[in-house]
Amino acid sequence: MHETKPTRLVVGITGATGTIFGVRLLQMLHGSGVETHLVMSKWAARTLTHETEHTVKEVQGLATHNHRLGDQGAAISSGSFITLGMVIAPCSMRTLAAIAHGLGDNLIHRAADVILKERRKLVLVVRESPFNEIHLENMLKLSRMGVVILPPLPAFYNHPQNLDDIVNHITMRIIDQFDIHLDVMNRWDGVLSNERQARNEEG
Ligand SMILES: Cc1cc2nc3c(=O)[nH]c(=O)nc-3n(C[C@H](O)[C@H](O)[C@H](O)COP(=O)(O)O)c2cc1C
């Protein structure tokens, strides 16, 4: 018998604003050796075409495998299908609630439920603002179960020049969660630039 190393990642895209995060994730993983299994919700498709230049077909073309939202018989619906885990980017409050309450009425909810029962890694790129108490309670409940709650909040220490820089940096940090480290952007190295450091020390 030989050991097999699973390099499969389940990717869900739901109907919160920020579908570009799911797209960028697939773009970055494309050709990286990670086998991606994509499921998009109905509202992800609507939001994607509303807020980006991408078509659903194009996005599906970036994934290794595509699964239909209604296909509860897909491989990712079973715990015996070994994966690194699952990321939902972006994750709507509806999908967050469905996962927090164990509903499995579509393949995104079911696949996330499988990840939880198998104690694998689940990363939720939750997007809403402001949050109400229901959202916060759902996030806390899942966080206590080990789910990574990763809202797509920009960092400024890496001096983003445009929106693409912000999207790339956040997406790189999402991928980091799975111990896949793609150096696509400047990371914080703990050192302020000399000029800024001098200014800080003066002030
Ligand atoms: C343009 C647009 C932006 C939306 N943004 C958000 C959002 O940021 N967060 C959220 O929870 N729902 C958002 N929604 C609402 C969700 O799409 C809606 O709740 C939907 O039922 C989510 O279903 P899903 O989780 O199956 O994709 C947005 C809808 C549209 C049309």
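Because the structure is a prediction, the values reported are computed rather than measured. Side chains included, hydrogens not; waters and symmetry mates left out as well; all remaining heavy atoms used. Residue numbers start at 1 and run along the sequence shown. When a ligand or atom number is given, it counts from 1 through the structure's own listing order.
- Taking every heavy atom of T14 and a limit of under 4.0 angstrom, the matching atoms of ligand 1 come to 25 (O), 27 (O).
- Within a 6.0 Å sphere centred on NZ of K117, heavy atoms belonging to other residues, nucleotides or ligands number more than 12.
- Residue S77 holds its OG atom at 10.0 Å from CG of N106, rounded to the nearest 0.5 Å.
- In this structure, H37 and H65 have parallel ring planes: the angle between them is below the 30° cut-off, well short of the 60° mark.
- M172 and I174 fall within a single hydrophobic cluster, where Ile, Leu, Val, Met, Phe, Trp and Tyr side chains are chained together by heavy-atom contacts under 4.5 Å.
- With S41, G18, S129 as candidates, the residue nearest to atom 27 (O) of ligand 1 on a non-hydrogen basis is S41.
- Among the atoms of A44, none of the N or O lies under 3.5 angstrom from an N or O of ligand 1.
- With ligand atoms numbered from 1 in the order given, ligand 1 contributes 24 (P), 25 (O), 26 (O) to contacts under 4.0 Å with heavy atoms of T95.
- Summarising the geometry, atom NE2 belonging to H109 is positioned 8.0 Å from atom OG1 belonging to T14; distances are rounded to the nearest 0.5 Å.
- Of the listed residues (I88, I134, L142), just one forms a side-chain contact (heavy atoms from CB on, under 4.5 Å) with L96, and that residue is L142.
- Among all non-hydrogen protein atoms, the one lying nearest atom 31 (C) of ligand 1 is W43 CZ3, 3.9 Å.
- Looking at S92 next to ligand 1, an N or O pair under 3.5 Å apart turns up.
- Of all heavy-atom pairs spanning Q27 and L62, the tightest one is CG-CD1, 3.6 Å.
- Linking Ile, Leu, Val, Met, Phe, Trp and Tyr whenever their side-chain heavy atoms come within less than 4.5 Å puts I180 and M28 in one cluster.
- For ligand 1, the polar-atom distance check finds no N/O of H50 at less than 3.5 Å from any of the ligand's N/O atoms.
- Of all atoms in ligand 1, listed by their number and element, those nearer than 4.0 Å to a heavy atom of R127 are 7 (C), 8 (O), 9 (N), 10 (C), 11 (O).
- Below 4.0 Å from some heavy atom of M93 lie the following atoms of ligand 1, by number and element: 10 (C), 11 (O).
- V10 and M40 are members of different hydrophobic clusters when ILVMFWY side chains are connected at heavy-atom separations under 4.5 Å.
- Counting protein heavy atoms only, atom 30 (C) of ligand 1 is closest to T47 OG1, 4.0 Å.
- Distances between N or O atoms of H109 and those of ligand 1 include no value under 3.5 Å.
- Linking ILVMFWY side-chain heavy atoms closer than 4.5 Å, directly or via other members, places L84 and M145 in two distinct hydrophobic clusters.
- For atom 10 (C) of ligand 1, the closest non-hydrogen atom on the protein side is E128 OE2, 3.4 Å.
- The closest protein non-hydrogen atom to atom 17 (O) of ligand 1 is G15 O, 2.6 Å.
- Taking each of R94, H135, E51, M40 in turn, the one with a heavy atom nearest to atom 23 (O) of ligand 1 proves to be R94.
- The shortest N/O to N/O separation between T17 and ligand 1 falls below 3.5 Å.
- In this structure, atom 7 (C) of ligand 1 has protein heavy atoms in its sub-4.0 angstrom surroundings.
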